[in-house]
S.K.: 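Handing you a structure now.
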There are 2 protein chains.
Amino acid sequence: MFDLHTEADAVCDAPNMSVALSRREDETFAEPAPDPARARCTTCMMRNICMAASLEAGEMARLDSVVRSWRSVKQGERLYRAGDPFRSLYAVRVGSFKTVVAPERGKETISGFYMAGDSIGMDGVCQETHNCDAIALEDSVVCVIPFHQLEALCREIKPLQRHLHKMFSAEIVRESRQMMLLGNNMSAEQRVAAFLLNVSARYRERGYSATSFVLRMTREDIGSFLGMTLETVSRTLSKFQQEGLLTVQGKSIELLNLDALDAR
Amino acid sequence: MFDLHTEADAVCDAPNMSVALSRREDETFAEPAPDPARARCTTCMMRNICMAASLEAGEMARLDSVVRSWRSVKQGERLYRAGDPFRSLYAVRVGSFKTVVAPERGKETISGFYMAGDSIGMDGVCQETHNCDAIALEDSVVCVIPFHQLEALCREIKPLQRHLHKMFSAEIVRESRQMMLLGNNMSAEQRVAAFLLNVSARYRERGYSATSFVLRMTREDIGSFLGMTLETVSRTLSKFQQEGLLTVQGKSIELLNLDALDAR
DNA sequence: CGGAAGGTTGACGAAGCTCAAGCACCGTGG
DNA sequence: CCACGGTGCTTGAGCTTCGTCAACCTTCCG
């Protein structure tokens, strides 16, 4: 039921997908029997932007043997919570997630949005404890990548080690860009425009339309991510619509003028 | 001139240090002759919070053999610039740095402050190009850690690999905390208080006073880092002083009530 | 079909930005 | 030694943007 063909379909149809997935991850379970239906990097649609990127066939097969299980997470459910022990990285196979950081005092903040092909959980390595909640924005599926095994493999496969380091570093760069967006020399309009262009670019990378897409998150999520209120997000989108930069209908967005958005 | 004893002195006297350091890094130079005066992790005051943390003696010696050179950077000079090819991580041995990200358009932003024992440059891994400028806030010295060699060593020394991954992850966590601080549900007062407490804690970790220290950066730097103007930083500090939370005299700060600051 | 969650829009106020003026500090050069 | 200029810091006044509060609408799902 999850062979190459239907898997490809599932990925392509990700936004509407609601296939019932019954097999659950059990990370403490020692050595599950080989399962022809389990995750396979070698055939995954996301292999070029995921952990396996730039590996040769033989190396990818070895990675395959580490990524033995996947897990399905329903909309609104948590993949992990802050404080959970860290054991694995997760590669989003289908669907999308938000990560939420909650300070001791103060309101919780969305620290990132992740879509198919992105990896989640790297924040957990340093204290061996997850540092945020990861919540599914829609019904989703992730590959489970046991971190100790991945580290062991990285000691043997240089390109995999290199790739893991690049993933860590890319997350650092992504966050430092986000910090720049939040640093108050950027107006609400600039932030929303930058956010839309970012989402657009990521859809494009994945082969979807760069100009017409559905935002999986709420206005409140966007506001939290961009450091403003949901009202301001809403007003800004309305204003952009009035100016003919885009059309917005609830969560559906159509960008009409990427250049003008970029010029903000 | 840079043996165990004077090195320890140099670290302790970091803020006032102005020793003339003449030997420069030459990363392309293949195999410099062993130099008794070069950096030594085994005897470095910072070894417990730096790259070498948690290594055994033998392992540390191997790391030593990779960290063969250091580089001195005068106040205001750049350790590297955005766009420079990435080859090495740098561990701050003496002094302190700020990192500055500049977008295509828009004002540049301070993305971090780094003091002795911190490592800089992990943002460069993902594109093999530095992603920000690193500028010395005072006359400083860094250890040069050629990244390819470090990766090679990580494939052999598991605790070093683990430590490198934790450093990456800690940088991610640090940035996501900073993003939370910038997300606008925090007032200027809360941000400044959190900043001061953060600096305080880092001085404490390094054995300096947690309540009395000199800020090496300008008000403008702080403002950029915290997402506000230098005027607001100045006003906030003045207000804290009026309320008896601290005394401020230019760059010299004395914290009088850590708990009250924390309660902001 | 009804209720809850999410989204839009308006009115008002306040936090913090901008602009401006003046002061303190420090290294340089006469 | 002091004068001087530059950089950084402080403080004030007015203004703008965006947050807050509130009312109402839309959409979705059980």
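Only heavy atoms go into these numbers, but all of them, side chains included; no hydrogens, no water, no symmetry mates. The model shown is predicted, which means the values in this text are computed figures rather than measured ones.
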S.K.: Whole angstrom is fine here: how far is it from CG in A:L137 over to P in C:dA5?
M.R.: 18 Å
S.K.: In sequence, state the C-alpha distance, the side-chain angles, and the governing distance for A:D118 and A:R202, and then conclude on salt bridge (charged side-chain N to carboxylate O under 4.0 Å, His left out).
M.R.: CA-CA 10 Å; A:D118 292 333; A:R202 289 161 76 186; 3.0 Å; yes
S.K.: Take nucleotides 9-14 of chain D nucleotide by nucleotide from the 5' end and write B, S or -, depending on whether a protein heavy atom sits under 4.0 Å from the base, only from the sugar-phosphate, or from neither.
M.R.: SBBBB-
S.K.: A quick test of your reading: do over 12 heavy atoms of other residues, nucleotides or ligands sit less than 6.0 Å from NZ of A:K107?
M.R.: no
S.K.: Can you tell me how far P of C:dA15 sits from CD of B:Q190, to the nearest Å?
M.R.: 12 Å
S.K.: Rounded to whole Å, please give me the gap between CE in B:M228 and C1' in D:dT17.
M.R.: 17 Å
S.K.: Quick one: A:I253 CD1 to C:dG7 P, roughly how many Å, whole number?
M.R.: 11 Å
S.K.: Taking atom types as modelled, find out whether B:T99 and B:S111 have a side-chain donor-acceptor pair closer than 3.5 angstrom.
M.R.: yes
S.K.: If I take atom CG in residue A:L215 and atom P in nucleotide C:dT8, what distance separates them, rounded to the nearest angstrom?
M.R.: 11 Å
S.K.: Provide, to the nearest angstrom, the distance between the CG atom belonging to B:L226 and the C1' atom belonging to C:dA15.
M.R.: 16 Å
S.K.: Any chance CD of B:E220 has more than 12 other-residue heavy atoms, nucleotides or ligands included, within less than 6.0 Å?
M.R.: no
S.K.: Please step through salt bridge (charged side-chain N to carboxylate O under 4.0 Å, His left out) for the pair B:E175 and A:R177, ending with a clear verdict.
M.R.: CA-CA 10 Å; B:E175 286 191 347; A:R177 293 234 175 83; over 6 Å; no
S.K.: Using whole Å, what does the distance between atom P of nucleotide D:dT7 and atom CD of B:Q75 come to?
M.R.: 14 Å
S.K.: Tell me whether the centres of the aromatic rings in B:Y203 and B:F213 are closer together than 6.0 Å.
M.R.: yes
S.K.: D:dT17 P sits how many Å from A:K239 NZ, rounded?
M.R.: 9 Å
